[in-house]
Amino acid sequence: MNQVINVRPECIDDINDIKKITIEAFKNHPHSNSTEDEIVARLRADNDLSVSLVAEVNGVVVGHIAFSKVKINNEFIQWYGLAPVSVKPEYQNQGVGSKLILSGLDAIRQLNAHGCVLLGEPEYYNKFGFKAYSQLILKGVPAEYFQALVLSGKIPIGNVKYHSAFR
Ligand SMILES: CC(C)(COP(=O)(O)OP(=O)(O)OC[C@H]1O[C@@H](n2cnc3c(N)ncnc32)[C@H](O)[C@@H]1OP(=O)(O)O)[C@@H](O)C(=O)NCCC(=O)NCCS
């Protein structure tokens, strides 16, 4: 579908829409425990939502993406976690998710990110350059779903820890 997708940082008026979109997007997700909206709220409350972007189509918010800092071997080394990303079901498969991901990666580059990790379907995220690395580990998840994108330097070696909102 050929429509203009506008991506911009969240503002206070978007908070309810973001919550609704996140709940809706993850409603029937096979690996969700339906807490993604609470994760976003908690990151925001803790001032740890490093990047939070919304996607609009015709002025209506239809998608959202969040990034927060992750620790590697218990240290912040300018690596970020992409999560969650949500697109309203009726707007999925129209390029909204891709635009949010590419814009989000640009935004963390502006923050001098050295890299980004995520947990998700390899088929979807490979096209943005993400891949699984055996030396970068998120405990308790199948290795092939935990993927990373190096933005500068080398792939770190060690264990990754997300913000406590994800636990
Ligand atoms: C995943 C999600 C953000 C993608 O957004 P989107 O706007 O639908 O994605 P795009 O339109 O940019 O890309 C669609 C393409 O990705 C593919 N795709 C979407 N979700 C996929 C998945 N889980 N696994 C594999 N491929 C997937 C589609 O088949 C389509 O492929 P095509 O371009 O070859 O036809 C959206 O589907 C969503 O909100 N899903 C529910 C929440 C979720 O799973 N979030 C990600 C985990 S944090």
Side-chain angles (χ1 to χ4, degrees), residues 1-10 14-44 46 48-71 79-109 113 115-133 136-149 151 160-167:
M1 203 178 291
N2 223 350
Q3 55 196 353
V4 178
I5 303 161
N6 177 41
V7 173
R8 60 165 176 79
E10 72 161 40
D14 299 320
I15 291 176
N16 275 338
D17 288 337
I18 292 171
K19 186 178 173 70
K20 280 192 216 149
I21 290 165
T22 309
I23 292 171
E24 244 190 292
F26 281 93
K27 201 168 168 191
N28 298 315
H29 192 283
H31 305 297
S32 164
N33 53 7
S34 298
T35 56
E36 291 77 10
D37 63 306
E38 290 165 25
I39 292 172
V40 175
R42 168 81 193 283
L43 289 170
R44 191 184 289 114
D46 287 358
D48 286 324
L49 199 45
S50 309
V51 168
S52 178
L53 305 177
V54 294
E56 293 172 324
V57 171
N58 295 326
V60 175
V61 176
V62 300
H64 173 255
I65 193 166
F67 292 79
S68 53
K69 283 186 179 168
V70 294
K71 283 184 178 170
W79 272 69
Y80 289 80
L82 182 172
V85 52
S86 314
V87 175
K88 231 172 143 51
E90 60 269 35
Y91 285 87
Q92 290 178 5
N93 295 313
Q94 298 169 34
V96 176
S98 300
K99 189 143 187 195
L100 280 167
I101 292 166
L102 292 172
S103 304
L105 292 173
D106 279 348
I108 60 163
R109 273 191 196 96
C116 183
V117 290
L118 61 80
L119 194 54
E121 293 295 333
E123 273 169 75
Y124 183 59
Y125 294 102
N126 283 353
K127 57 188 169 200
F128 306 102
F130 284 89
K131 60 180 206 163
Y133 291 89
L136 196 58
I137 298 156
L138 182 67
K139 281 189 188 151
V141 303
E144 66 271 30
Y145 291 97
F146 185 59
Q147 300 155 71
L149 176 69
L151 298 175
V160 177
K161 230 188 239 171
Y162 281 80
H163 188 281
S164 57
F166 288 88
R167 260 165 253 146

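Order of listing sets the numbers, starting from 1, for every ligand and every atom in it.
- Listed by chain and residue number, Lys71, Asn74, Arg167 satisfy the side chain to side chain contact (heavy atoms under 4.5 Å, CB included) test with Lys161 (two or more places apart in sequence, or in another chain).
- Partners of Arg109 according to the salt bridge (charged side-chain N to carboxylate O under 4.0 Å, His left out) rule, which considers only residues two or more places apart in sequence or in another chain, are Asp106.
- Contacts of Asp48 classified as salt bridge (charged side-chain N to carboxylate O under 4.0 Å, His left out), with partners at least two apart in sequence or in another chain: none.
- Using a distance-only test at 3.5 Å, with no hydrogens or angles considered, no donor-acceptor pair links the side chain of Glu24 to the main chain of Pro89.
- Between Tyr124 and Phe128, the two ring planes are perpendicular [angle over 60°; tilted spans 30° to 60°].
- Protein residues having at least one heavy atom under 4.0 Å from any atom of ligand 1 are Ala25, Phe26, His29, Val85, Ser86, Val87, Gln92, Asn93, Gln94, Gly95, Val96, Gly97, Ser98, Glu121, Glu123, Tyr124, Tyr125, Lys127, listed by chain and number.
- Ring-plane geometry between Tyr145 and His31 is classed as tilted, the angle between the planes lying from 30 to 60 degrees on a 0 to 90 degree scale.
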